[in-house]
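The structure appears below as structure tokens.
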Number of protein chains: 2
Amino acid sequence: MLAMAFTTTADVEDHAPASAHNVAVERDLLGERLGRGAIRTLEAKEHLFCEGDVASHVYRVEVGHICIYRMMPDGRRQVVDFAYPGDMIGLGALGDHADSAQAMERTIVRTMPIATLRELAQSDTRLGLKLYEALSRELMAARELLFTVSQRTAAERVAAFLLALCRRSERRGEAANEIVLPMTRMDIADFLGLTIETVSRTLTKLRHDGVIDLEQCILVTILKPEALAQLAQGGGEGRHRN
Amino acid sequence: MLAMAFTTTADVEDHAPASAHNVAVERDLLGERLGRGAIRTLEAKEHLFCEGDVASHVYRVEVGHICIYRMMPDGRRQVVDFAYPGDMIGLGALGDHADSAQAMERTIVRTMPIATLRELAQSDTRLGLKLYEALSRELMAARELLFTVSQRTAAERVAAFLLALCRRSERRGEAANEIVLPMTRMDIADFLGLTIETVSRTLTKLRHDGVIDLEQCILVTILKPEALAQLAQGGGEGRHRN
DNA sequence: CGAAAGATTGAATTTGGTCAAAACAAGTGG
DNA sequence: CCACTTGTTTTGACCAAATTCAATCTTTCG
């Protein structure tokens, strides 16, 4: 269950074992149909949809990365999820979108009308179940994030974040200890409920402690995975245990 | 959408207009079957299920209140939801429970095996859709809470919490400005990511400011709903707007 | 009633935020 | 190729909000 941490924007395909390649076998109806779906290309910073828009489609990221977030009138922002290639977006939307989705770089998505999705789900109960499970996984991820943000210290949050990215890499069969951050410090900060300064400081501290290496501020090398894992738990003496 | 704040543990019935009474008309299949389902009574502090248990049933609270939470090994706790009469519990569970459900007082629930739920959902596609929507609403609630905990100050969190309870009362046709807190300060604290002391202090401050009244520390009277709403937004000059 | 659990209040401490400046990186145009 | 601009990241000094620790007060319940 812990392995699920942050594993949000559930891919509807079964969670692939490490052996599966990026080009997953599209054996189910949804995958097939999406494969034939319209393609849309987004420039960096372009929005796929915004808070309040009518939820007309679901999407699957093909290339690039998308940041999903919500804003408060006064400018405070909560990043809810980062969608990687293979991830579905917009599954949970009912009526209007409750959040915005913005490309973090040039990004390609496949699109599919919600109406079509509904039809498919009706004709194939197994698909309906899959969707349900995908949503359920999103819920769990959201709660995991809630937990992290609510209960952990800054250091623990950053550690947990890095670990989650590691696991994501592993799951898609990439190098597990070298991760490229497609998001800015600002995105990380708004995801973890911190400021950019704190994120930066924390990363620097991890570097000085020899836990990670940071060359271009976009490339993180995990030197001591155990230390990181330890930190992500209450290992560094966390906070109020009441 | 904002009105959804904290409206978690979605009731599967349509969101009833304010006129609807507690004894909602059970027109759909699920309601009927649950109405005929087995009853289980829990004493205060008794668990309905625990983290890691196999998810065998879904439940609907009939009388009393249930607290849903997750724990870290070191004792830190995150309350994820409070379930009121009419609320469903366990909808999102896949395989094992990711959280624990504990009665906050003597509580009665109706139970229904997940297998039965699956069958029902297969025979009635509309029910499947309803379940999906219920889960989706839970997801939104989780994200709303995430937002609150992550971005708001202590005062704002408590204000938002009280307001959410107000709305809940309203929705079930109860007095909107007198709310009884079925949960302890500890529960509130673990829900909002604060300490009991901070919760207590914040409530005291609200009382001194004449925004609420607090007689038995369990009964909150909202004296200035607008002020509370204002606070819940960034009205009291919130935090880092970057 | 009296014990135990829960809630409040106060004082000291700490974490993380704010503000401000400097360092870097990437891209543009001369 | 270099100066120049712009945007992001890092670093430091200071400050405020929330936690910790500790003591007291209330409520609940046997």
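Letters A, B, ... are given to chains in the order of the sequence lines, protein chains preceding strands, and every chain is numbered from 1. Keep in mind it's a predicted model, so treat the numbers as computed, not measured. Below, all heavy atoms of this structure are taken into account, side chains as well, without hydrogens, waters or symmetry copies.
With hydrogens and angles ignored, the 3.5 Å screen pairs a side-chain donor or acceptor of B:Q151 with a backbone N or O of A:R77. Side-chain N or O atoms of A:D81 include none that pairs as donor or acceptor with a backbone N or O of A:A83 at under 3.5 Å. Side chain of A:Q102 to main chain of A:L48: no donor-acceptor pair is present (N/O by atom type, distance under 3.5 Å, no hydrogens or angles). With hydrogens and angles disregarded, a donor-acceptor distance shorter than 3.5 Å links the side chain of B:R110 to the backbone of B:G37. No donor-acceptor pair under 3.5 Å is formed between the side chain of B:R157 and the backbone N or O of B:L194.
Side-chain contact between A:E144 and A:T148: present, with at least one pair of heavy atoms (C-beta onward) separated by less than 4.5 Å.
Summarising the geometry, the separation between CZ on A:R157 and C1' on C:dT15 is reported as 10 Å, rounded to the nearest angstrom. Whole-Å rounding puts the A:I218 CD1 to C:dA25 C1' distance at 10 Å. Distance, B:L194 CG to D:dA17 C1': 11 Å, rounded to whole Å. When rounded to the nearest whole Å, the span between CG of B:L181 and P of D:dT26 equals 19 Å. To the nearest angstrom, P of D:dT28 lies 13 Å from CD of B:E215. Atoms CD (B:E156) and P (D:dA17) sit 12 Å apart, rounded to a whole Å. Here the P atom of nucleotide D:dA18 and the CG atom of B:L192 are 12 Å apart, to the nearest Å. For the pair A:K205 NZ and C:dT15 P, the interatomic distance rounds to 11 Å; values are reported in whole Å.
Here A:T111 pairs with A:A38, A:R40, A:H57, A:Y59, A:V109 under the side-chain contact (heavy atoms from CB on, under 4.5 Å) rule; sequence neighbours left out. Shown here are the side-chain contact (heavy atoms from CB on, under 4.5 Å) partners of A:C50, two or more places apart in sequence or in another chain: A:H47, A:D53, A:S100. Taking B:D213 as the reference, B:R207, B:E215, B:T221, B:L223 meet the side-chain contact (heavy atoms from CB on, under 4.5 Å) condition, with sequence neighbours excluded.
Ring geometry for A:F191 against A:F82 counts as tilted: the plane angle lies between 30° and 60°, on a 0 to 90° scale.
Between B:L231 and the choices B:V211, B:D209, B:L206, the side chain to side chain contact (heavy atoms under 4.5 Å, CB included) rule is met once, by B:L206.
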Give every pair of a protein N or O atom and an N or O atom of nucleotides 1-4 of chain C that lie under 3.5 Å apart, one pair per line with the distance.
none

Tabulated below should be each protein N or O lying under 3.5 Å from an N or O of nucleotides 7-11 of chain D; please produce it.
unit_1: D:dT9; atom_1: OP1; unit_2: A:R185; atom_2: N; d: 3.3
unit_1: D:dT9; atom_1: OP2; unit_2: A:R185; atom_2: N; d: 3.2
unit_1: D:dT10; atom_1: OP1; unit_2: A:R185; atom_2: NH2; d: 3.0
unit_1: D:dT10; atom_1: OP2; unit_2: A:R185; atom_2: NE; d: 2.7
unit_1: D:dT10; atom_1: OP2; unit_2: A:R185; atom_2: NH2; d: 3.4
unit_1: D:dT10; atom_1: OP2; unit_2: A:S200; atom_2: OG; d: 2.9
unit_1: D:dT10; atom_1: O5'; unit_2: A:S200; atom_2: OG; d: 3.1
unit_1: D:dT11; atom_1: OP2; unit_2: A:T204; atom_2: OG1; d: 2.6

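When the C1' atoms of four end pairs are superposed on the next four at each end of the helix from C:dC1-D:dG30 to C:dG30-D:dC1, using five pairs per end, the two resulting axes differ in direction by 40°, to 10°.
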